[in-house]
Amino acid sequence: MNWLFKTEPETYSFDTLAKDKKTVWNGVRNFQARNFLNKASKGEYALIYHSGKDKAVVGVARVAKEAYPEPDPEKPGDWVQLDISYALKLKSPVTLAAIKSVAAKSDSTLKNLLLIKQSRLSCMPIGDKEFKTILELGDSWADFQKLK
DNA sequence: GCCAACGTTGGC
DNA sequence: GCCAACGTTGGC
């Protein structure tokens, strides 16, 4: 399964991940998002989406370690985190407006994107076709193929 | 178990 | 800054 993770660039941006190479993906406080996090396997890829000012998919990360309990002083065990590593920065960001405009076309693979249908979800699965379509929109599908 | 009130996220 | 769409909390 492929994934799409959201972050506010002011909190943690993809550029920071590009420098860090690896980070702990934590702070998810939504049950549905957590359940998705638990399903991510090592080696799977996640699109990184910047909410707020950017509103665009900016890069790809790789799941480096599957979900494990987040150290939480109040309620240990309730929440999980996982590790991701830098994979690829898109040649050009794919904005939410661009995604919506493609999704509006008939027969578009992007019609069922949870990003559009459930805008508040911070971590969601994304199908192979959708994943490819977004990378193509970012002129980065070839680069991604080389990466594998 | 229902629902009103409130809080949060995120697009506009 | 506003508002829609959720999620959570607490009274009943």
Side-chain angles (χ1 to χ4, degrees), chain A residues 1-41 44-141 144:
Chain A
M1 185 60 73
N2 314 293
W3 305 95
L4 188 149
F5 294 168
K6 277 191 201 171
T7 181
E8 289 205 42
E10 288 79 11
T11 308
Y12 191 92
S13 77
F14 185 74
D15 287 335
T16 312
L17 176 63
K19 276 184 220 151
D20 293 351
K21 295 299 174 193
K22 189 178 175 184
T23 194
V24 176
W25 201 260
N26 58 11
V28 171
R29 289 294 180 271
N30 170 286
F31 290 109
Q32 198 182 356
R34 184 202 62 185
N35 293 342
F36 285 139
L37 266 193
N38 271 323
K39 287 182 183 165
S41 301
E44 290 178 338
Y45 290 94
L47 299 173
I48 302 299
Y49 174 86
H50 278 176
S51 63
K53 205 180 171 189
D54 285 1
K55 290 190 282 292
V57 174
V58 292
V60 184
R62 191 170 179 272
V63 177
K65 185 180 180 184
E66 289 177 18
Y68 54 100
E70 183 172 328
D72 185 330
E74 304 202 6
K75 281 189 187 173
D78 270 13
W79 304 106
V80 297
Q81 59 190 10
L82 50 69
D83 296 351
I84 56 171
S85 58
Y86 172 87
L88 176 75
K89 178 172 181 168
L90 298 200
K91 275 184 189 162
S92 56
V94 181
T95 63
L96 181 64
I99 290 172
K100 280 187 171 172
S101 127
V102 171
K105 295 177 188 170
S106 59
D107 294 343
S108 168
T109 54
L110 301 183
K111 278 215 180 302
N112 294 319
L113 263 197
L114 285 173
L115 179 70
I116 299 170
K117 292 169 74 176
Q118 217 175 322
S119 64
R120 288 186 55 193
L121 194 59
S122 62
C123 164
M124 64 195 77
I126 175 168
D128 287 340
K129 284 180 188 169
E130 292 87 342
F131 188 82
K132 183 181 178 186
T133 301
I134 290 175
L135 283 184
E136 282 172 345
L137 287 173
D139 195 22
S140 301
W141 179 246
F144 180 71

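Everything quoted here is computed from the prediction, not taken from an experiment. Hydrogens, waters and symmetry mates play no part in the numbers below; they use all other heavy atoms, side chains included. Proteins come first, then strands; the chains are lettered A, B, ... in the order of their sequence lines, and each starts at number 1.
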Practice task
Please report the C-alpha distance between A/Asn2 and A/Leu47 in whole Å, then the side-chain angles of each, then the deciding distance to 0.1 Å, and finally whether the side-chain contact (heavy atoms from CB on, under 4.5 Å) criterion is met.
Solution key: CA-CA 8 Å; A/Asn2 314 293; A/Leu47 299 173; over 6 Å; no

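- A distance-only check finds a donor-acceptor pair linking the side chain of A/Thr7 to the backbone of A/Tyr12 [under 3.5 Å].
- For the helix from B/dG1-C/dC12 to B/dC12-C/dG1, the end axes, each set by the C1' atoms of five terminal pairs, are bent relative to each other by 10° (nearest 10°).
- In this structure the side chain of A/Trp79 never reaches within 4.5 angstrom of the side chain of A/Gln81, judged on heavy atoms.
- Residues A/Leu82 and A/Phe5 form a side-chain contact, since some pair of their non-hydrogen atoms from C-beta on lies under 4.5 Å apart.
- Here B/dT8 presents its P atom at 16 Å from CZ of A/Phe31, a figure rounded to the nearest Å.
- A salt bridge does not link A/Glu44 to A/Lys39: none of the charged nitrogens lies less than 4.0 Å from a carboxylate oxygen.
- Side-chain contact between A/Tyr68 and A/Val24 is present, with at least one heavy-atom pair separated by less than 4.5 Å.
- The closest side-chain heavy-atom distance from A/Arg62 to A/Tyr45 is below 4.5 Å.
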What donor-acceptor contacts under 3.5 angstrom involve side-chain atoms of residues 86-102 of chain A, with partners at least two apart or in another chain?
from: A/Tyr86; atom 1: OH; to: A/Lys89; atom 2: N; distance (Å): 3.2
from: A/Lys89; atom 1: NZ; to: A/Asp15; atom 2: OD1; distance (Å): 3.2
from: A/Thr95; atom 1: OG1; to: A/Ala98; atom 2: N; distance (Å): 3.0

Each nucleotide N or O in nucleotides 9-12 of chain B that has a protein N or O under 3.5 Å away: list the pair and distance.
from: B/dG11; atom 1: OP1; to: A/Tyr49; atom 2: OH; distance (Å): 2.8
from: B/dG11; atom 1: OP2; to: A/Gly52; atom 2: N; distance (Å): 3.2
from: B/dC12; atom 1: OP1; to: A/Lys100; atom 2: NZ; distance (Å): 2.9

